[in-house]
Student: 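Quick one: the structure is below, questions incoming.
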Amino acid sequence: MKKRYEPGEIELKWQAIWAKKEENIFSSRVSNTKPKFYCLEMFPYPSGKIHMGHVRNYAIGDVIARYKRMRGYNVLHPMGWDSFGLPAENAAIKEGVHPAHWTHENISYMKKQLVRLGLSYDWSRELATCLPEYYRWNQWFFIKMFEKGIAYRKASFVNWCPSCSTVLANEQVTEGRCWRCESMVVQKELVQWFLRITDYQQELLDASDGLAGWPQKVVLMQKNWIGRSEGLEAIFRVDGSDDRIIVFTTRADTLFGAKFICLAPAHPLAEKFAEPDALAKIREHYGKADEKHGLFTGRYAINPANDEKIPIYVANFVLMEYGTGAIMSVPAHDQRDFEFAQKYGLPVKVVIRPDGGGEGGGEDVPAGKAFEEDGVLADSGQFTGLASAEARQKISGFIEGKGMGRRVVNYRLRDWGISRQRYWGTPIPIVYCERCGAVPVPEKDLPVVLPEDVKFTGKGASPLAESESFVDTVCPSCGGKARRETDTMDTFVDSSWYYVRYCSRKDEPALDKGNIGYFMPVDQYVGGVEHAVLHLLYSRFFMRVIRDLGLSNVSEPFQRLLTQGMVCMETIKCPEHGWLYPSEAEGGACAKCGRPVERGRTEKMSKSKRNVVDPDHLIKTYGADTARLFSLFAAPPENDLQWSEKGVEGAQRFIQRVWAFVHDNLEKLAAVKGQPPEGKSPLMRKTHQTIMRVTRDIEREYHFNTAIAAMMELLNMLAALEPSGQDDLRQMRFALERLLLMISPFCPHVAEELWEAIGMISSIQLEPWPGYDEEAAREEEIELVIQVNGKVRTKVMVPQGLPDEELKNRAMTLPRIQEAVSGKQIINVFAVKGRLVNIVVK
RNA sequence: GCCGGAGUGGCGGAAUUGGCAGACGCAAGGGACUUAAAAUCCCUCGGGGGAAACCCCGCACGGGUUCGAAUCCCGUCUCCGGCACCA
């Protein structure tokens, strides 16, 4: 054994050994003897190289997988590539490389990086979503959904990203910007394919309360996204016509205050009533968060509550996609309506007064803004004086009784638009025939493969539309001339079911019911919180479709979810040259101009801010074990992690100290024979305590940072020991073996190496997780804390397990306490859990 | 604006159920070894007072409940995340 710890050498050695043993170490088969555990990390987009976010994500997952293997589970721990998407196509436009080529190069490089990190994946299940054998099943799912009416086509206003020149789903727009490139999104009317996720909205909502293993934050985000609200649909007759306008409101209690009606610009009656040119102008402002624009139609509607005649407007801020596309406007109690009323000089009628706010004494017109809270009804006929909550029910009932409306539930969630006007995605398997319309490609003709003869110009319509060999086809139904759909699928379709594909090996058929039945659901899913509504909601939807296709009994794909925090690093800025790399700011001065630099905030690592750490460089300098250890030690997984070079060195120091301990004691330790003696010693006690703590910290919320801290404490004790005699050495060896076992999921290479060094023959991977004995972990003496009036006055060592009365007596006799209580009246004495005594005096 | 979450040393972070605030690590200071440096090892390390024993203050801020509060309740401030014309 070398004196120096050389990570590069030993890590490559063990990675080679593991690769040979892959069949029996990291691979998983359907097994009846062991319970299964499916551990999954979000698969990466093959962008070129892995980044520190991946390192952290996969280190967390790997510790869980390795730990569970040691606990005797049949662990499924797969990895693959989310390999369709825009960057590949953009590279093609910029550099002329084919997206497939670019993607496969990246995959092969990144796979090497993952292997180099010592991650224990079952590569026999590796998948790449851009391969026809994978996306064939996207097409298969699409056809099944088409047959069931879940996939359908409609024209609507959609989110269009001008920079990506494609459509985005609602979930993919953040603050009006594209989730990927941050360009402002515009509204465009297009015919698109949608998946009817709204069919499952109530089920998804109801089931979210059962997601006990998920961060509540994520559950809440999903619930808000689905956005259920209960209200009333009320019918407003159009004066002098048979037309009726249906509005949705959650505030039936304000119905008597409705002073006008607003229609969405795309509402059928808006087109019927409004003058086309004027309507077109309103439409220009649709979906934009700017000023409110209205157009009076010249028509009036009848308020079903009081038969009042109120004007009908078309307004840019009314959404066609939510509710009924028409609203009743109550300017006194809705801020938007208030602003609209102000602009167009419409009346404001107060029908809700603040609870307890003087009978009839309040002002009629709110001062400058609407009163939107609940209160007491005013000026509302027979309902005047009721509280809002009660009035909502009563007025809804009243309207229902008149046959002028009904209580309904509305959701904010929209159907998922999956059409993308790009090349590098799954072709939508539809053929358009003049006679038969949209016809699905028959299953036997799948996959519809992406054509190769495509030019990547970055301009115009879908690149697929340029490929005649692709577009021209025959109708599967009538054999006549037909054209293929040229849009591809949103890449979130690919990732909505990949965890199901992993249940079968590459060489086994996809979607095998037996395999799915054995491995699903995922027991632990680990990934970034940025997918809280996107990928995670789509997957919950897809799993239900898969269930309803009879392929699985599972509804929820992910039993437990861990959302890890971001990896952050300090930023450095020069007042003149902007963001700098640390190497450009040595000595606190900008390397370009010599001006002093500003230490910026610690922010998420990003290339643009130049605050990134390259995993390759990190591994080369410190090794994979150190990279993993630091990622896990510096913060609990759900927190953001602040990268620190010094912290990395600290992590490596720990590994080096373990190494040095084994090296320095190797001869003595190797000669040890037999078990440690019965009876307690500080080291034996500490060892059992450490196993207890580490086990508990991993089991409970995966708090690896405190688990590692506990192992460090054990090492500190071991290193301070000066053994004399065989019994001491036996204990030392016992403690060391357990320490190595506990370290092995975190730093698998060095654990293997040291395990071998102390004479163990089989791989440490195959060892069970060490057990502990609570009795052996128990302290014989405890430090009794004595407080007077809640303040610590002294501490004393006493035997473990004394009765409370005895503790109180002992406390009272202590000189320090005598002194503190002398001349005072003792009111009460508390003893707490055999650990603390509090004396209350006056 | 609405809905969540979080504020603990110079820093990252510990602290089962209300019961010793600051585990572990980083940084810093001192010392040992060395011709010297690195590495390593040892000691100190929340603030204030005191020669010391020890005392006072301290978990964003202000109140409260309690024998006892980082932990529970109310209010305020700050930061982070989500949603945002959703009727």
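Just so it is clear: chains get the letters A, B, ... in the order the sequence lines come, proteins before strands, and each one is counted from 1. Computed from a predicted model, the values in this text were never measured in an experiment.
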Student: Taking 4.0 angstrom as the limit, do Glu805(A) and Lys808(A) come out as a salt bridge?
Tutor: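 So Glu805(A) pairs with Lys808(A) through a salt bridge.
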Student: Listed by chain and number, what are the ring pair (Phe, Tyr, Trp, His ring centres under 6.0 Å) partners of Tyr772(A), not counting sequence neighbours?
Tutor: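 Counting only residues at least two positions away or on another chain, Tyr772(A) forms no ring pair (Phe, Tyr, Trp, His ring centres under 6.0 Å).
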Student: In sequence, state the C-alpha distance, the side-chain angles, and the governing distance for Trp643(A) and Phe630(A), and then conclude on ring pair (Phe, Tyr, Trp, His ring centres under 6.0 Å).
Tutor: CA-CA 9 Å; Trp643(A) 200 262; Phe630(A) 177 74; 4.8 Å; yes
Student: Of the options rC3(B), rG25(B), rU17(B), whose atoms approach the side-chain atoms of Met712(A) most closely?
Tutor: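 The listed nucleotide nearest to Met712(A)'s side chain is rG25(B).
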Student: Return no unless some side-chain N or O of Asn639(A) is found under 4.0 Å from OP1 or OP2 of rG13(B).
Tutor: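 Result: yes.
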Student: Stems involving RNA chain B: give each as a range paired with a range, ordered by first number, where a stem means at least three consecutive Watson-Crick or G-U wobble pairs under 3.5 Å.
Tutor: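 Expected stems, ordered by start: B:1-7 with B:77-83, B:10-12 with B:24-26, B:28-32 with B:40-44, B:46-49 with B:54-57, B:60-64 with B:72-76.
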Student: Can you tell me, in whole Å, how much space there is between the C1' of rU35(B) and that of rC26(B)?
Tutor: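 Taking atom C1' in both rU35(B) and rC26(B), they lie 32 Å apart.
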Student: Taking only N and O in the side chain of Arg412(A), is any of them less than 4.0 Å away from OP1 or OP2 of rA87(B)?
Tutor: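 For rA87(B), OP1/OP2 do not have a side-chain N/O of Arg412(A) under 4.0 Å.
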Student: Base, sugar-phosphate or nothing for Leu836(A)? Non-hydrogen atoms, less than 4.0 Å.
Tutor: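 Result for Leu836(A) = base.
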Student: Looking at residues 320-328 of chain A, who's got a heavy atom less than 4.0 Å off RNA chain B?
Tutor: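 Under 4.0 Å from RNA chain B: Tyr322(A), Ile327(A).
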Student: When the ring centroid of Phe260(A) is compared with that of Tyr344(A), is the distance short of 6.0 Å?
Tutor: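 Centroid distance Phe260(A)-Tyr344(A): not below 6.0 Å, so no.
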Student: His703(A) NE2 to rA23(B) C1': how many Å, rounded?
Tutor: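 Checked: the NE2 to C1' distance equals 15 Å.
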Student: Output the single nucleotide from rA27(B), rC24(B), rA21(B) whose closest atom is nearest the side chain of Val792(A).
Tutor: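 Among the listed nucleotides, the one closest to the side chain of Val792(A) is rA21(B).
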Student: Using only modelled atom types and a 3.5 angstrom limit, is any donor from either the side chain of Lys646(A) or the base of rC11(B) paired with an acceptor on the other?
Tutor: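 Check fails, no donor-acceptor contact within cut-off.
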Student: Is it true that Lys259(A) and Asp337(A) make a salt bridge, defined as a side-chain N closer than 4.0 Å to a carboxylate O?
Tutor: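 Not counted as a salt bridge, because no side-chain N and carboxylate O are separated by less than 4.0 Å.
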Student: Arg693(A) vs Glu713(A), test: salt bridge (Lys or Arg N to Asp or Glu O under 4.0 Å). Steps then yes/no.
Tutor: CA-CA 11 Å; Arg693(A) 273 177 67 185; Glu713(A) 283 187 45; 3.4 Å; yes
Student: Heavy atoms from C-beta onward define the side chain here; which of rC83(B), rG12(B), rC24(B) lies closest to that of Thr174(A)?
Tutor: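 Out of rC83(B), rG12(B), rC24(B), the nucleotide with an atom closest to Thr174(A)'s side chain is rC83(B).
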Student: As a test of reading the structure: which of rC3(B), rC24(B), rA14(B) is closest to the side chain of Glu713(A), going by heavy atoms?
Tutor: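 Nearest to the side-chain atoms of Glu713(A), counting from C-beta on, is rC24(B).
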Student: Between protein and nucleic acid, restricted to nucleotides 66-68 of chain B and to nitrogen or oxygen atoms under 3.5 Å apart, what atom pairs and distances do you find?
Tutor:
| residue | atom | partner | partner atom | Å |
| --- | --- | --- | --- | --- |
| rC67(B) | O2 | Asn838(A) | ND2 | 2.5 |

Student: Give a yes/no answer on whether the side chain of Arg693(A) brings an N or O atom under 4.0 Å of OP1 or OP2 in rC24(B).
Tutor: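 No, outside the criterion.
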Student: Describe, in one word, how the ring planes of Phe492(A) and His531(A) are oriented to each other, choosing from parallel (under 30°), tilted (30 to 60°) and perpendicular (over 60°).
Tutor: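 Rings of Phe492(A) and His531(A): perpendicular, as their planes differ by over 60°.
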Student: Should the heavy atoms of other residues, nucleotides or ligands under 6.0 Å from CD of Gln800(A) be counted, would the total exceed 12?
Tutor: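 Atom CD in Gln800(A) is packed in, count exceeds 12.
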Student: Give, ordered by number, those residues of residues 802-810 of chain A having at least one heavy-atom distance below 4.0 Å to an atom of RNA chain B; if nothing qualifies, reply none.
Tutor: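 The answer is none.
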Student: Report yes if a side-chain nitrogen or oxygen of Asn716(A) is closer than 4.0 Å to either non-bridging phosphate oxygen (OP1 or OP2) of rG25(B); otherwise report no.
Tutor: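 Indeed, a polar side-chain atom of Asn716(A) lies that close.
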Student: Tell me, with the steps shown, if Phe194(A) and Trp416(A) meet ring pair (Phe, Tyr, Trp, His ring centres under 6.0 Å).
Tutor: CA-CA 5 Å; Phe194(A) 287 85; Trp416(A) 175 14; over 10 Å; no
Student: Thinking salt bridges, do Glu230(A) and Arg407(A) make one under a 4.0 Å N-O criterion?
Tutor: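 Result for this pair is no, no salt bridge flagged.
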Student: Less than 4.0 angstrom between a side-chain N/O of Arg228(A) and OP1 or OP2 of rC86(B), yes or no?
Tutor: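 For rC86(B), neither OP1 nor OP2 has a side-chain N or O of Arg228(A) closer than 4.0 Å.
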Student: Looking at Arg336(A) and Glu339(A), does any basic side-chain N land under 4.0 Å from a carboxylate oxygen?
Tutor: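 Salt bridge flag = no for Glu339(A) with Arg336(A).
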Student: Have a look at Gln335(A) and say if it touches a base, only the backbone sugar-phosphate, or nothing, with a 4.0 Å heavy-atom cut-off.
Tutor: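 It contacts nothing in the nucleic acid.
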Student: Taking only N and O in the side chain of Arg793(A), is any of them less than 4.0 Å away from OP1 or OP2 of rC56(B)?
Tutor: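 For rC56(B), OP1/OP2 do have a side-chain N/O of Arg793(A) under 4.0 Å.
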Student: So if I take every side-chain heavy atom of Met221(A) and compare against rC24(B), rG82(B), rG13(B), which nucleotide ends up nearest?
Tutor: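 The closest nucleotide is rG82(B).
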Student: Polar-atom pairs under 3.5 Å, protein N or O versus N or O of nucleotides 6-8 of chain B: list them with distances, or write none.
Tutor:
none

Student: Base, sugar-phosphate, or nothing for Val318(A), non-hydrogen atoms under 4.0 angstrom?
Tutor: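 Here Val318(A) touches the bases of the nucleic acid.
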Student: Could you please name the option among rA87(B), rC83(B), rA14(B) that lies closest to any side-chain atom of Leu319(A)?
Tutor: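 Selected nucleotide (nearest to the side chain): rA87(B).
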Student: Does rC80(B) have its OP1 or OP2 closer than 4.0 Å to a side-chain nitrogen or oxygen of Lys604(A)?
Tutor: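 So the side-chain polar atoms of Lys604(A) never come under 4.0 Å of the phosphate oxygens OP1 or OP2 of rC80(B).
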Student: Please determine whether a side-chain nitrogen of the Lys or Arg among Glu774(A) and Arg778(A) lies less than 4.0 Å from a carboxylate oxygen of the Asp or Glu.
Tutor: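 No, Glu774(A) and Arg778(A) are not salt-bridged.
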Student: Taking the minimum atom-to-atom distance to the side chain of Lys791(A), which one of rC57(B), rA23(B), rG19(B) wins?
Tutor: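 Comparing rC57(B), rA23(B), rG19(B) against the side chain of Lys791(A), the answer is rC57(B).
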Student: Side-chain N or O of Ser229(A) versus OP1/OP2 of rA87(B): is the shortest distance under 4.0 Å?
Tutor: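 For Ser229(A), the contact criterion (side-chain N or O under 4.0 Å from OP1 or OP2 of rA87(B)) is met.
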Student: Given the P atoms of rC74(B) and rC83(B), what is the spacing between them in whole Å?
Tutor: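 rC74(B) and rC83(B) have their P atoms separated by 28 Å.
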Student: Please tell me if Arg653(A) has a side-chain N or O lying less than 4.0 Å from either OP1 or OP2 of rA39(B).
Tutor: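 Negative; the distance criterion is not met.
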Student: Is there a side-chain contact between Asn705(A) and the phosphate of rA14(B), meaning an N or O under 4.0 Å from OP1 or OP2?
Tutor: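 Yes, because at least one side-chain N or O of Asn705(A) sits under 4.0 Å from OP1 or OP2 of rA14(B).
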Student: Looking at Arg816(A), I'd like to know whether one of its side-chain N or O atoms comes within less than 4.0 Å of OP1 or OP2 on rC55(B).
Tutor: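 Yes, such a contact exists.
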Student: Base, sugar-phosphate, or nothing for Phe654(A), non-hydrogen atoms under 4.0 angstrom?
Tutor: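 Since no nucleic acid heavy atom lies under 4.0 Å of Phe654(A), the category is nothing.
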Student: Would you mind checking if Arg392(A) and Asp374(A) are paired as a salt bridge, meaning a charged N to carboxylate O distance below 4.0 Å?
Tutor: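 Between Arg392(A) and Asp374(A) there is a salt bridge, with a charged N closer than 4.0 Å to a carboxylate O.
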Student: Verify whether the ring centers belonging to Tyr411(A) and Trp225(A) lie closer than 6.0 Å.
Tutor: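 For Tyr411(A) and Trp225(A), the ring centres are not under 6.0 Å apart.
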